[in-house]
Asker: 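What follows is a structure written as structure tokens; I'll ask about it next.
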Amino acid sequence: MTNTAHVTALSSSARTFYEANPVTEDVKSLLEETAVFLIGVTRRSTEEAFELGERLEHAAALLPEGTLEKWAVARCGYTARHVRTQRAVFRNLARYKDILVELAVGPTVLGKLSAAEPEQIEQAIGFAAQNGKLRVLDVAEIVASSKNQVDPKPQADPYDVGGLEGLKAIIAIKVRDGIKAFIGHLEMIRAHVSEALPKKNIVKKTLAEKTHLTARLAYRELESLAQFVMPHPNDKHTMSPIGLPTKSGWEKISRLLFKMGSETHWPRQGRAPDLAGNRGGALVGLGDLEGYCSSLAKCGNPRGVEHQRSDRCRCEQVSSGGGQGQ
């Protein structure tokens with residue numbers, strides 16, 4: 001079939017389009033000239049690919065808004081996808097036209113390249129200049145490689161994410177960062193305790209000054225991380241944390257941190273802080289705290305830390321004869 005016969009064969013569908021989308025005779029004449037060129041293009045050169053896209057852009061300006069693809073399908077036998085690709089070649093690659101024509105980049109490759117980012121286009125041009133050719137596969141690899149190098153999009157602020165997933169995210173942040181802070185503060189206390197234990201005369205006032213504020217903070221951190229909240233049994237208007245299981249390792253740590261957090265709980269003479277609440281009871285004192293802290297630093301189970309007799313003895317060395325008072 002000749003080009004002229006092709007034009008005639010499409011006249012009926014074109015007539016239907018013009019009836020549904022009336023245009024003036026002058027505009028129709030310009031559109032028909034464009035149609036003849038579009039139908040007549042067979043094996044396109046790089047130059048013609050740009051001209052084809054430019055002609056489609058001009059036709060779009062002449063036609064009622066949003067009808068270019070319908071016109072190209074009905075009048076020229078193009079597909080809507082082909083129209084979009086050719087317009088993209090003209091719009092997105094016009095600034096690179098001279099170099100692309102010089103490199104004789106094929107129309108199919110131009111179509112693939114028209115969807116790339118400017119940096120990717122320039123990289124593809126450099127590849128073509130170096131290798132003497134540019135294939136669709138080359139463009140695809142350049143685009144894929146470039147995407148892999150792009151930094152991931154910043155994630156939404158978890159504190160702005162609603163629903164259960166958002167709640168889980170901020171709880172995970174609390175646990176992750178809260179444990180780090182808690183362990184760090186226990187390590188600070190442990191360092192001061194470790195420094196004091198070997199000494200025959202432990203100056204309790206000095207040790208308390210170094211540790212009581214950190215212990216107070218660590219006590220609250222443990223409370224926040226590990227304890228639930230419920231109305232006070234004697235006053236429903238007061239919300240209180242539920243205590244940890246009695247005599248458990250963590251409960252002992254909690255009580256010790258509570259006593260260490262107040263200078264008034266440090267005995268004026270005789271003993272290190274006594275968690276049993278009396279001078280004759282079993283001690284869980286500074287030596288035990290050191291053991292617990294060391295275990296925690298290694299992510300161990302505090303209940304699995306045995307109380308070292310030597311450490312307990314060191315605590316008990318804070319005697320009326322050895323202590324220097326506050």
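As the structure is a computational prediction, the values presented were derived from the model and not from experiment.
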Asker: Hey, are the side chains of Arg87 and Glu57 touching, using non-hydrogen atoms and a 4.5 Å cut-off?
Answerer: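 Side chain of Arg87 against side chain of Glu57, heavy atoms only: contact under 4.5 Å found.
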Asker: Evaluate Tyr78 against Leu52 for side-chain contact (heavy atoms from CB on, under 4.5 Å), listing each step before the verdict.
Answerer: CA-CA 12 Å; Tyr78 279 36; Leu52 193 153; 3.5 Å; yes
Asker: Spell out, as yes or no, whether a donor-acceptor pair under 3.5 Å connects the side chain of Ser194 to the backbone of Arg190.
Answerer: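 Yes, the answer is positive, given that a donor and an acceptor are paired below the 3.5 Å cut-off.
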Asker: Check the hydrophobic clustering (I, L, V, M, F, W, Y; side-chain heavy atoms under 4.5 Å; chains of links allowed) and say if Leu134 and Leu103 are grouped together.
Answerer: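 Same cluster.
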Asker: Less than 4.0 angstrom from a charged side-chain N to a carboxylate O is my criterion; do Arg255 and Glu251 meet it?
Answerer: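 Salt bridge: yes.
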Asker: Quick check for you: to the nearest 0.5 Å, what is the distance between Lys210 atom NZ and Thr214 atom OG1?
Answerer: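 So the gap between those two atoms works out to 12.0 Å.
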Asker: Hydrophobic cluster membership, with links at side-chain heavy-atom distances under 4.5 Å among I/L/V/M/F/W/Y: are Val193 and Met188 in one?
Answerer: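 Each belongs to a different hydrophobic cluster.
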Asker: Side-chain contact, heavy-atom cut-off 4.5 Å: Asn92 with Leu113?
Answerer: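 No, too far: nothing below the 4.5 Å cut-off.
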Asker: Minimum heavy-atom separation for Asp138 and Lys133, please, with both atom names.
Answerer: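 Minimum heavy-atom contact is OD2-O, 4.5 Å.
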Asker: Could you check if a side-chain atom of Arg75 sits within less than 4.5 angstrom of a side-chain atom of Thr34, using non-hydrogen atoms only?
Answerer: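 Counting from C-beta outward, Arg75 and Thr34 never come under 4.5 Å.
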Asker: Under the side-chain hydrogen bond (donor to acceptor under 3.5 Å, both in side chains) rule, what pairs show up with a residue in residues 97-119, not counting sequence neighbours?
Answerer: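 Checked against side-chain hydrogen bond (donor to acceptor under 3.5 Å, both in side chains) - neighbours excluded - the pairs reaching residues 97-119 are Glu47-Lys97.
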Asker: Assess whether side-chain contact (heavy atoms from CB on, under 4.5 Å) is satisfied between Leu56 and Leu38, documenting all intermediate values.
Answerer: CA-CA 9 Å; Leu56 285 169; Leu38 297 178; 3.7 Å; yes
Asker: Checking Arg55 against Glu51 for the salt bridge (charged side-chain N to carboxylate O under 4.0 Å, His left out) test, could you report, in this order, the C-alpha distance in whole Å, the side-chain angles of both residues, the deciding distance, and whether it holds?
Answerer: CA-CA 6 Å; Arg55 295 246 187 171; Glu51 185 176 358; 3.2 Å; yes
Asker: Any side-chain to backbone donor/acceptor pair from Ser29 onto Glu25? Under 3.5 Å, distance only.
Answerer: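 Answer holds: no.
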Asker: Take Thr79 and Val73 through the test side-chain contact (heavy atoms from CB on, under 4.5 Å) and record every step on the way to the result.
Answerer: CA-CA 6 Å; Thr79 65; Val73 170; 5.7 Å; no
Asker: Quick check: do Ser254 and Gln227 have side-chain heavy atoms less than 4.5 Å from each other?
Answerer: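 Touching, per the 4.5 Å side-chain cut-off.
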Asker: Please say whether the positively charged group of Lys70, taken as NZ for Lys or CZ for Arg, lies over the ring of Phe17, i.e. under 6.0 angstrom from the six-membered ring centre and within 45 degrees of the axis.
Answerer: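 Lys70 over Phe17 ring: no.
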Asker: State the CD-CG distance between Glu195 and Leu207, to the nearest 0.5 angstrom.
Answerer: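 Nearest 0.5 Å value for the CD-CG distance: 9.0 Å.
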Asker: For residues Gly106 and Thr46, report the shortest heavy-atom separation together with the two atoms involved.
Answerer: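 Heavy atoms of Gly106 and Thr46 come nearest at N-OG1, 4.4 Å.
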Asker: Show me the pairs that pass side-chain hydrogen bond (donor to acceptor under 3.5 Å, both in side chains) and involve residues 228-237, at least two apart or across chains.
Answerer: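 Residue pairs with at least one partner in residues 228-237: Asp235-Thr238.
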Asker: So does Leu30 get a backbone contact from the side chain of Glu33, meaning a donor-acceptor N/O pair under 3.5 Å?
Answerer: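 No.
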Asker: I need the single residue from Trp250, Phe182, Phe258 that forms a ring pair (Phe, Tyr, Trp, His ring centres under 6.0 Å) with Tyr219. Which is it?
Answerer: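 Result: among Trp250, Phe182, Phe258, Phe258 is the only option passing the ring pair (Phe, Tyr, Trp, His ring centres under 6.0 Å) with Tyr219.
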Asker: Following the transitive rule for hydrophobic clusters with a side-chain heavy-atom cut-off under 4.5 Å over Ile, Leu, Val, Met, Phe, Trp and Tyr, establish whether Ile99 and Phe50 coincide in one cluster.
Answerer: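 They do share one cluster, since a chain of ILVMFWY contacts under 4.5 Å joins Ile99 to Phe50.
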Asker: Residues in side-chain contact (heavy atoms from CB on, under 4.5 Å) with Pro64, at least two apart?
Answerer: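 So Pro64 forms a side-chain contact (heavy atoms from CB on, under 4.5 Å) with Asn21, Val23, Thr67.
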Asker: Does any non-hydrogen side-chain atom of Pro231 lie less than 4.5 Å from one of Met239?
Answerer: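 The answer is yes, as the side chains (C-beta and beyond) meet within the 4.5 Å cut-off.
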Asker: Do side-chain atoms of Ser262 reach the backbone of Lys259 as a donor and acceptor pair under 3.5 angstrom?
Answerer: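 Checking the backbone N and O of Lys259 against the side chain of Ser262, no donor-acceptor pair under 3.5 Å is found.
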Asker: Do you know the tightest heavy-atom contact between Leu31 and Tyr18?
Answerer: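 Result for this residue pair: CB-OH, 3.8 Å.
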Asker: For residues 88-143, which residue pairs qualify under ring-ring contact (aromatic ring centres under 6.0 Å, His included), counting only residues two or more places apart or in two chains?
Answerer: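 Every candidate ring-ring contact (aromatic ring centres under 6.0 Å, His included) pair involving residues 88-143 fails, so no pair, neighbours aside, qualifies.
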Asker: Kindly indicate whether the side chain of Val229, heavy atoms from C-beta on, has any atom under 4.5 Å from the side chain of Ile242.
Answerer: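 Of all side-chain heavy-atom pairs linking Ile242 with Val229, none is under 4.5 Å.
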Asker: How close do Ala49 and Leu110 get, heavy atom to heavy atom, and via which atoms?
Answerer: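 Reported closest heavy-atom pair: CB-CD1, 3.8 Å.
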Asker: Restricting to salt bridge (charged side-chain N to carboxylate O under 4.0 Å, His left out), what partner residues turn up for Arg216, sequence neighbours left out?
Answerer: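 Not a single residue meets the salt bridge (charged side-chain N to carboxylate O under 4.0 Å, His left out) criterion with Arg216.
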Asker: What are the two closest heavy atoms between Val143 and Ala116, and how far apart are they?
Answerer: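 Shortest heavy-atom separation between Val143 and Ala116 comes out as CG2-CB, 4.1 Å.
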Asker: Quick one: closest heavy-atom pair of Gly261 and Ala215, and the distance?
Answerer: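 Reported closest heavy-atom pair: N-CB, 3.8 Å.
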Asker: Hydrophobic clustering (ILVMFWY, side-chain heavy atoms < 4.5 Å, transitive) - are Tyr159 and Leu167 grouped together?
Answerer: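 As far as the 4.5 Å side-chain criterion goes, Tyr159 and Leu167 are connected within one cluster.
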Asker: Can you tell me how far CG of Leu222 sits from CG of Leu217, rounded to the nearest 0.5 angstrom?
Answerer: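 So the gap between those two atoms works out to 11.5 Å.
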Asker: Glu69 vs Arg81, test: side-chain contact (heavy atoms from CB on, under 4.5 Å). Steps then yes/no.
Answerer: CA-CA 9 Å; Glu69 293 178 8; Arg81 180 179 179 182; over 6 Å; no
Asker: Got a sec, which pairs hit side-chain hydrogen bond (donor to acceptor under 3.5 Å, both in side chains) with one end in residues 172-186, sequence neighbours left out?
Answerer: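 For residues 172-186, and leaving out neighbouring residues, the side-chain hydrogen bond (donor to acceptor under 3.5 Å, both in side chains) pairs sorted by first residue read Lys174-Ser224, His185-Glu221.
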Asker: Under a 4.5 Å side-chain heavy-atom rule over Ile, Leu, Val, Met, Phe, Trp and Tyr, are Val161 and Ile173 clustered together?
Answerer: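 In one cluster: no.
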